[in-house]
Asks: 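Right, I'll just put the structure down here and ask away after.
Proteins get letters first, then strands, A, B, ... in listed order; numbering begins at 1 in each.
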Amino acid sequence: MQQKSQPILDVQNVSISVKTDEGLKQVVNQFTYHVNAGETLCIAGESGSGKSITSLATMGLLPKSSAIVTAGKAILDGEDLLQMPEKRLEHVRGNDIAMIFQEPMTSLNPVMTIGDQLREVLRFHKDMDGRAANARSLEMLEAVRMSEAKKRLEQYPHELSGGMRQRVMIAMSLLCSPKVLIADEPTTALDVTIQAQMLSLMKELQREFNTGLILITHDMGVVAEMADRVLVVNRGEMVEEGEVNSIFATPTQPYTQDLLADLPKLGAMSGTTKELAVPEADRQAAKAQPLLQVKDLTVRFDIIGGVLRRPVKRVHAVEKVSFDLRAGETLSLVGESGCGKSTTGRALLNLVKWQGDIQLGGRSTRDLFAQDELAARRQIQMIFQDPYASLNPRMSVGDLVGEPLVIHQIGTAQERKDRVADLFKRVGLSPDQLDRYPHEFSGGQRQRICIARALALNPQIIVADESVSALDVTVQAQVLDLLQELQEEMGLSYIFISHDMAVVEQVSHRVAVMYMGQIVEIGSREAIFENPAHDYTKALLEAVPIPDPQIKRERTLLTGGEIPSPVHGLDYQPQYVDLKHITAEHFAAVSATASAQANTR
Amino acid sequence: MYAYVIRRLVEAALILLGVSFITFILLYLVPADPARQIAGRSATAQTVENIREQLGLNLPFYEQYWRYLVNLLQGDFGRSYLQKSEVGELIAARLPASLLLMVAAICTELVMGVMIGVIAAIKRDTPLDKGLMVFSFVGVSAPQFVVGILLLYVFAVQLQWFPIGGYGTFAHIVLPALTLGVLGTGWYSRMMRSSLIDVMTQDYIRTARAKGMPRMRVIFRHALPNAFLPIIAMIGIDIGFFMSGIVVVESVFGWPGIGQLAWQAIQRVDIPIIMGVTLVSACAIVLGNLVADLVAPFVDPRIKLK
Amino acid sequence: MSVLRQILARPLAVFGLLIVLLTVIFALFAPWLTPYEPDAQMFDGLTIEGAPLPPSAKFWLGTDLLGRDLFSRLVYGAQTSLIIGIVANGAAVTIGAFVGITAGFFRGWIGAVLMRFTDLMMAFPALLLAIVLAAIFKPSLWIVALVIAMVNWVQVARVIYSQAVSLSERDFITAERSLGAGSWRILYHHILPHMVPTLLVWSTLGIATTVLLEATLSYLGVGVQPPIPSWGNIIFENQTYFTSAPWLVFVPGAAIVMLALGFNLVGDALRDILDPTLKGKN
Amino acid sequence: DSMGGNIIVTYKDDVSTLDPAIGYDWQNWSMIKSLFDGLMDYKPGTTELVPDLAESYTISDDGLVYTFNLKPGVKFHNGREFVASDVKYTLDRVVNPTTQSPGAGFFGAIDGFDAASSGDADGLSGVKVLDDQTVEITLSRPDATFLHVMALNFAHVVPKEAVDEHGQDFGKHPVGTGAYEMTDWTLGQHVIFSRFDDYHHEGLPKLDQITFEVGQEPIVALLRLERGEIDIAGDGIPPAKFLEVTSNPEFDGSIVEGSQLHTGYITLNTQMAPFDNLKVRQAVNMAVNKDRIVRIINGRAVPANQPLPPLMPGYDESYEGFKFDPDAAKALLAEAGFADGFTTELYVANTDPQPRIAQAIQQDLSNIGIKAEIKSLAQANVIAAGGEKDQAPMIWSGGMAWIADFPDPSNFYGPILGCGGAVPGGWNWSWYCNPEIDERAIAADAMADPSQAEARIEEWKKIFTEIQDEAPWVPVFNEQRFTIRSKRLAGPEGIFVDPVHIPVHYDHVYISEGN
Ligand SMILES: Nc1ncnc2c1ncn2[C@@H]1O[C@H](COP(=O)(O)OP(=O)(O)OP(=O)(O)O)[C@@H](O)[C@H]1O
Ligand SMILES: Nc1ncnc2c1ncn2[C@@H]1O[C@H](COP(=O)(O)OP(=O)(O)OP(=O)(O)O)[C@@H](O)[C@H]1O
Ligand SMILES: [Mg+2]
Ligand SMILES: [Mg+2]
């Protein structure tokens, strides 16, 4: 542990109000916290709890037109940042106190090179000349383990991946060795493996620079891994503050307790098997005759270009994916961004052009969709990742949920109305909200509306694409419960698409791990989580932060780790992995080199 | 990049072909007999018939168009019916004046528009901002002939600061360029303002401020280049507005450009000139857009030419 | 109705709305508001040498070169401007919306052809095109409206097209498709309602453009036919007198500017209110 | 008097061509006259014919053979001496169909015209070069106007070698025998004429240089003239400025007024109902308040009552025509069966002040119950409509009205009132065709003998008044000419309102020292 020292940043009783149509509304009430040199304070809490706005206020970056600090102090080096004139603030920001933002994709100036953006900090704060600034910038990029650092200086942000950009952001914030670094959800937008790299990097650098780190996050796993102390906030109120171990071990406040209870924990299900949600008698039949059989599903997108606007490149989004889904079963597709999960789901609903063979109840869906599209759609439905975006904002939710019935001409107007009310109750919403519009609901409620919509047609299969990823843990837990409940009652089968291993462990019967458009490992939940065979599966699991401060992993993944691109030339011949039988229903790819050799043979 | 330019040029050529075809049809339908116009009022029927035959006006439509196209590909725009000169020459002689006027107008609108837009954005929601925005609204609402006549009346007739018309010196170009540029100034300043305000809310501006960059540097180094993109695209579109604008402005100020040529030709239904000017204008519009698209990646490296 | 309330909260928009309302009142009640017939050439409307009269108690804004009352002509001219503005722009928006939706939502080869045609039209110098069209059809009030519509739909088509493209890529449209909704249903229930703001904004802003184009055509003498007064042709008839009788040019000129300004202000406010994503683009 | 100096003349429109065989608008008409010469010319400021490149001429008794003796020692701008073969070449060229000369028809009386103009023969068989100084022209029929024709621009002499050199572009590189030679032409900007030192008239021209600036709005030209920047506003005084200028003491002495051979008229299409009814045409004639129209154009014209302008030989001063009388007009209409009036169309060119005049006419007509809708179109479209038998019931001729090519009444008949013009594409927009009068017209023009001149004019006088009784036209006014020029310009009587040189007779203008 670090030595206890004088707090470098001391935030006292800060209250913030935002301007709304109805007047000022307080969103932060008397926040008080501090951070010491070399220490990590995690501020945890769910969406909208005031985490970001407080740190922005500390930096003097609140949008003046919409938010004001009504009370409080933020003392840095004996000076109150909240009272500081703008000129002086300019000097302090970036120099004594720095900040990293949530969105690496948009936080760098797209029209300036990385080098320009780094150097200007040194020029301005340290009066360095161009050459010195350049040298220092390079040094810093190397310090954040940026590959090919020298080349990066000349590149523009869009030429870098999200992880690389976040490295640049970190490098930029540390250039002047600030006393305090505020990192606002710096890893939320990143894949787990990249997130793991980022977290260990920050830890290492913090140690090196002896910086006071304020890490804002909603992920208790990250908190457990990173924090020395934790501040839990909720709806603009401070809930609880304390040492990380005591917070996790003995939370005193009910809110904190809920938060920790709802948290899906990787490994929590180990040693248990999940039964199919169908009557015992049908299980054997279900195993024998899967509901959905996918064989060699391939989806490719052409990229148009050149003089003649012909395809010049091809995205190999999904390559020869095969799997079965049984009645009452949840099959999860996991993998990192861009590996083809959503595309697979969309192909199942015939929303993209695909090749291969998909059998639904023994019939090819190609025929099904061609002959009677509506009938096919009644069997398989989808819940989309972003509930808000997938609901027409100009229709009342009652109409939205009733719409599938109208499209499929089911029942009379009155019957439909009753059914919609039923569905509402079924997903835990009140039927008297039927006339409201999507924007009047919370994220979790919206997801329930989407579920109700999918249920309206009584499908056998629901493809749930990242259905809970955007939700806070407490809400997420409720929605997951709902899905499980529905499965048990109605014998639904789910294709559950997610990148969150902990959630996947909680809900699935079987799991398929996708990498670069192919399934590299597929098997029962127990097999995948307790006995992973493929390196990639192992890496995925290892990267997941564990919400237990007692288990502090030492990570080794520091550089590299970027996911290769699925875009190839037209004549590219994909190398298919060979799935090797491991145990009863557990298959995993032999290593890539091995299969490449197999191909050439 | 090369593939892109080539494709765009091919597209441009096709568009020009289409423009020539449509214009040719339209002019073919205009109820006026070119042969009689050339022949004049004292001509005998014989003379008219001769002329008609020599110009191929008695050929079927498609053959006339084909002839025109073949000549066009050899750089021959035909001869003006009434001006009796090569249309190519007439246009070539007047094009520099129009280009000069357009360049002056572009400079006017860019300088004024960007300046006003930036000031308004920085002074957002102040009376100054409001005043400037009203001004730019008036700019986009004022027909060019009214602006032209007004400027002429105030600055040339009453104050006598500038010549009333004509061509030659810097003083001559001020009023026409202003007139042609007023509309664009209005657009640019409004666009610049909203674009800059929009950019100022972007994450990377917050980053720049978090780095401690001074306000002016944030505005001019970080925000402005990002805010400039819509302006670039607009300059391309502007060429189209100019091509309409010069018809009015050149005739108000007696500016010897192709707008004036077009207007004279339209009044007298001098078809080869109308064809020629339309094609040249279309060419300018297409190239203007192409250039704007080619410049865009320099302003914003994210843009890939596809 | 909250839209109206929001407009009323913006002083500039209120100003614009007032101008528009005033013009509408002029246009609707012209016969009761004007002291004279708009095309009455009065003997005492000219000096003995035939010069127009400056503003006076009898002729509030003076007379024109034929001894007609300028005020009466201006008021009736409001009718012309509004008719053209509404009819021509309405037609332009309709055509543009049709083309844009067909090309952007239904795609297919018809859509491709339509969009290529739109590109082609973009390359036309609009004014030249309008003048040539006017010459072919022999101008009259309705022909001028038609000509303007034929020129102005292009912009609308581009905007609607890109909106249709981006809308049809929105998640909720995919969601509708996954429910089995047909194209027409999606178009009618999900795409069109989203285009209402854009169409509304264009219907307003477009009127400003249309009023200006009509004025320009009339100014060039290929617009609305005399003796029907239009603010553009009033200037056309009198423009050479701008040094000796400036009111004959600058009063109708100011009327055009004001009306276009009014529609622009209202349209701009509508755009801000209804569709913030459109802000500043034209 | 003084010699030398430069003047500036401004025009709105571009100069189209300076080829005498082709140029046929009032703008280049007088410019060509200063660059080229014909065998005949008019005495400056008058309509009196005098020999020019011809030193003298003789006419055979039957009026069919004209023999011209040419002036010796005349030089072209290119330095070559002018000879008789140039005259033949010029006339052959103008009737050659490939030249596309709008004036070819004027030479219809020359023997061999038909063969030459259809391209069947290489040249006019009626034109013979007797020797270098003598040309003989034989006509196929007597033509009283022939000497006028030889004074037309179309008959101005061009050197073959220059035409061959420039081909179709000869009009941009004119070479003649005139007082000035063209030394610079910057398209869209200016044309410069410089004194031709070897000019065959002693002491002419007086100026060193004339710059014709184009693209100048008339109103701008006037303001510049006021400031002394230019010398002649080629397009005259714009209507809008007329009153201001004429009442402005600054311009005292700068404005010269004169008549011109012009009539502004409304054509009534005699082939279209209801204008096929004489009573209707008469009623319309009586309905139009010409005085008011003249007032609208600020008195820049005099009301007319017959086709011929007052300056034209054959004008009948005693003819009364139709008086302005709306009540009588109404009665006539009622008699014709149109007590409630009718609806019709009035075509007009769309340049100021024509639409205004049309509106005045429209109001007059509405007073007797005729509702005339105005079609204000580009000039070319109006002309096209007039050339169709059933298109334009009424056309106001302003802007396109007939201005005589030469001061002879016959020039006011054929194309615009004769049967020859009443064909598709013709200029007889009233489609009035009276074969009997046609015959009389031909007979009149055959009276070529100088002794018959007076009788011939009498006959023409009758022809025109008889036509007017049939009312195919409403003659509205005869435009007056007002030339505005800087005060420093001076010259002999009449050259500033010269009937054939518009706006001025450049050869005789000089800069007076006084200013
Ligand atoms: N500029 C602003 N104008 C108005 N309200 C704001 C503004 N910024 C934040 N708020 C409101 O303040 C509250 C706190 O927001 P804040 O961004 O701090 O939440 P957060 O804890 O960071 O949530 P998240 O995890 O979603 O980022 C929210 O209710 C938010 O809607
Ligand atoms: N319509 C499309 N056109 C071209 N490429 C596409 C299209 N849809 C998806 N892709 C590409 O296909 C690949 C797989 O995309 P997909 O959306 O299936 O990934 P994912 O596993 O769902 O990732 P995420 O977790 O980010 O949602 C990606 O590289 C993506 O860019
Ligand atoms: Mg936040
Ligand atoms: Mg996805």
Side-chain angles (χ1 to χ4, degrees), chain B residues 30-51 53-55 79-86 89-97 152 156-157 160 163-168 250-258 260-261 264 266-271, chain D residues 12-17 19 22-25 97-98 100-106 108 114 117-119 168-169 171-172 186-189 213-217 219-221 223-224 227 229 350-351 377-381 383-385 387-388 391 400 402 405 411 414-416 420 423 425-427:
Chain B
V30 169
D33 181 354
R36 285 191 50 225
Q37 275 180 272
I38 298 173
R41 52 185 197 171
S42 300
T44 57
Q46 174 75 46
T47 313
V48 174
E49 197 45 46
N50 280 337
I51 293 173
E53 195 157 318
Q54 283 173 31
L55 293 180
R79 277 188 99 78
S80 151
Y81 292 159
L82 299 170
Q83 298 237 47
K84 320 286 183 189
S85 315
E86 291 287 342
E89 264 176 46
L90 286 172
I91 292 176
R94 283 167 168 273
L95 205 53
L152 210 53
V157 177
Q160 308 214 348
I164 294 160
Y167 174 66
E250 290 185 355
S251 74
V252 169
F253 288 95
W255 189 261
I258 57 171
Q260 203 185 40
L261 182 70
Q264 286 178 8
I266 285 170
Q267 279 179 315
R268 303 194 243 161
V269 197
D270 196 336
I271 290 173
Chain D
K12 177 169 173 293
D13 290 340
D14 271 336
V15 178
S16 54
T17 176
D19 183 341
I22 294 174
Y24 195 22
D25 55 57
T98 55
Q100 300 185 5
S101 169
F106 286 114
D114 291 342
S117 70
S118 61
Q168 283 197 296
D169 280 329
K172 290 273 179 296
T186 306
L187 276 177
Q189 292 186 36
E213 291 187 358
V214 297
Q216 306 264 317
E217 287 293 315
I219 194 142
V220 172
L223 288 156
R224 292 184 64 197
R227 290 194 200 165
E229 292 172 18
N350 62 359
T351 41
L377 310 172
Q379 184 173 317
N381 302 17
I383 294 171
E388 303 275 329
Q391 276 266 318
M400 309 156 286
W402 201 257
D405 301 299
N411 189 234
I416 44 178
V423 292
W427 281 71

Asks: For B/Ala92, is it the side chain, the backbone, both, or neither that has a heavy atom closer than 4.5 Å to a heavy atom of chain D?
Replies: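 No part of B/Ala92 comes within 4.5 Å of chain D.
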Asks: Answer with side chain, backbone, both or neither: which region of D/Gln391 has an atom nearer than 4.5 Å to a non-hydrogen atom of chain B?
Replies: neither
Asks: Which answer fits D/Pro97, side chain, backbone, both or neither, if we ask what part of it has an atom under 4.5 Å from a heavy atom of chain B?
Replies: both
Asks: If you count heavy-atom pairs under 4.5 Å with chain B, which of D/Asp19, D/Thr351, D/Asp405, D/Asp114 comes out on top?
Replies: D/Asp405
Asks: Heavy-atom distance under 4.5 Å to chain B: side chain of D/Val15, backbone, both or neither?
Replies: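 For D/Val15, backbone heavy atoms alone lie under 4.5 Å from chain B.
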Asks: Heavy-atom pairs under 4.5 Å with chain D - which of B/Ser80, B/Ser251, B/Pro31, B/Ala35 has more of them than the others?
Replies: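 Of the candidates given, the most pairs with chain D belong to B/Pro31.
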Asks: Calculate, to the nearest 0.5 Å, the distance between atoms CD and NZ belonging to B/Gln260 and D/Lys12 respectively.
Replies: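 Those atoms lie 7.5 Å apart.
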Asks: About how many Å separate CG of D/Leu187 and CD1 of B/Ile91, when rounded to the nearest 0.5 Å?
Replies: 11.5 Å
Asks: If we only count heavy atoms from C-beta on, is the D/Asp169 to B/Arg79 side-chain gap below 4.5 Å?
Replies: yes
Asks: Run the ring-ring contact (aromatic ring centres under 6.0 Å, His included) test against D/Tyr24 and tell me which residues pass, sequence neighbours left out.
Replies: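 With sequence neighbours excluded, D/Tyr24 shows a ring-ring contact (aromatic ring centres under 6.0 Å, His included) to D/Trp29, D/Phe154, given in chain and number order.
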Asks: So, using side-chain contact (heavy atoms from CB on, under 4.5 Å) as the criterion, who are the partners of B/Ala97 when residues are at least two apart?
Replies: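 Once residues adjacent in sequence are excluded, the partners of B/Ala97 under the side-chain contact (heavy atoms from CB on, under 4.5 Å) criterion are B/Tyr167, B/Trp255, B/Pro256.
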Asks: Below 4.5 Å from any heavy atom of chain D, which atoms of B/Val252 appear? Answer side chain, backbone, both or neither.
Replies: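 Only the backbone of B/Val252 comes within 4.5 Å of chain D.
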Asks: Which atoms of B/Leu261 come close to chain D, meaning under 4.5 Å heavy atom to heavy atom: side chain ones, backbone ones, both, or neither?
Replies: side chain
Asks: Show the nearest heavy-atom pair for residues D/Ser117 and B/Asn50, with the distance to one decimal.
Replies: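 Distance-wise, the nearest heavy atoms are O-ND2, 3.1 Å.
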Asks: Please determine, among D/Ser118, D/Gly387, D/Pro102, D/Ala221, the option with the most heavy-atom pairs under 4.5 Å with chain B.
Replies: D/Pro102
Asks: Would you call D/Asp25-B/Arg268 a salt bridge at under 4.0 Å N-O?
Replies: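 Salt bridge flag = no for B/Arg268 with D/Asp25.
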Asks: Specify the closest pair of heavy atoms between B/Asp33 and D/Ala384, including all atoms of both residues, with the distance to one decimal.
Replies: N-CB, 4.3 Å
Asks: Report the option among D/Gly119, D/Gly420, D/Gly426 that has the most heavy-atom pairs separated by less than 4.5 Å from atoms of chain B.
Replies: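 The candidate making the most pairs under 4.5 Å is D/Gly426.
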Asks: Under 4.5 Å from any heavy atom of chain D, what part of B/Glu89 do you find: side chain, backbone, both or neither?
Replies: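 Answer is both: backbone and side chain atoms of B/Glu89 are under 4.5 Å from chain D.
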Asks: Specify the closest pair of heavy atoms between D/Ser16 and B/Ser85, including all atoms of both residues, with the distance to one decimal.
Replies: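 Nearest pair, atom of D/Ser16 first, then B/Ser85: O-OG, 4.1 Å.
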Asks: Just so I know, are the side chains of B/Arg94 and D/Asp14 near enough to count as touching, which here means a heavy-atom distance under 4.5 Å?
Replies: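 Yes, their side chains come closer than 4.5 Å.
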Asks: Any side-chain donor-acceptor pair under 3.5 Å between D/Gln379 and B/Gln267?
Replies: no
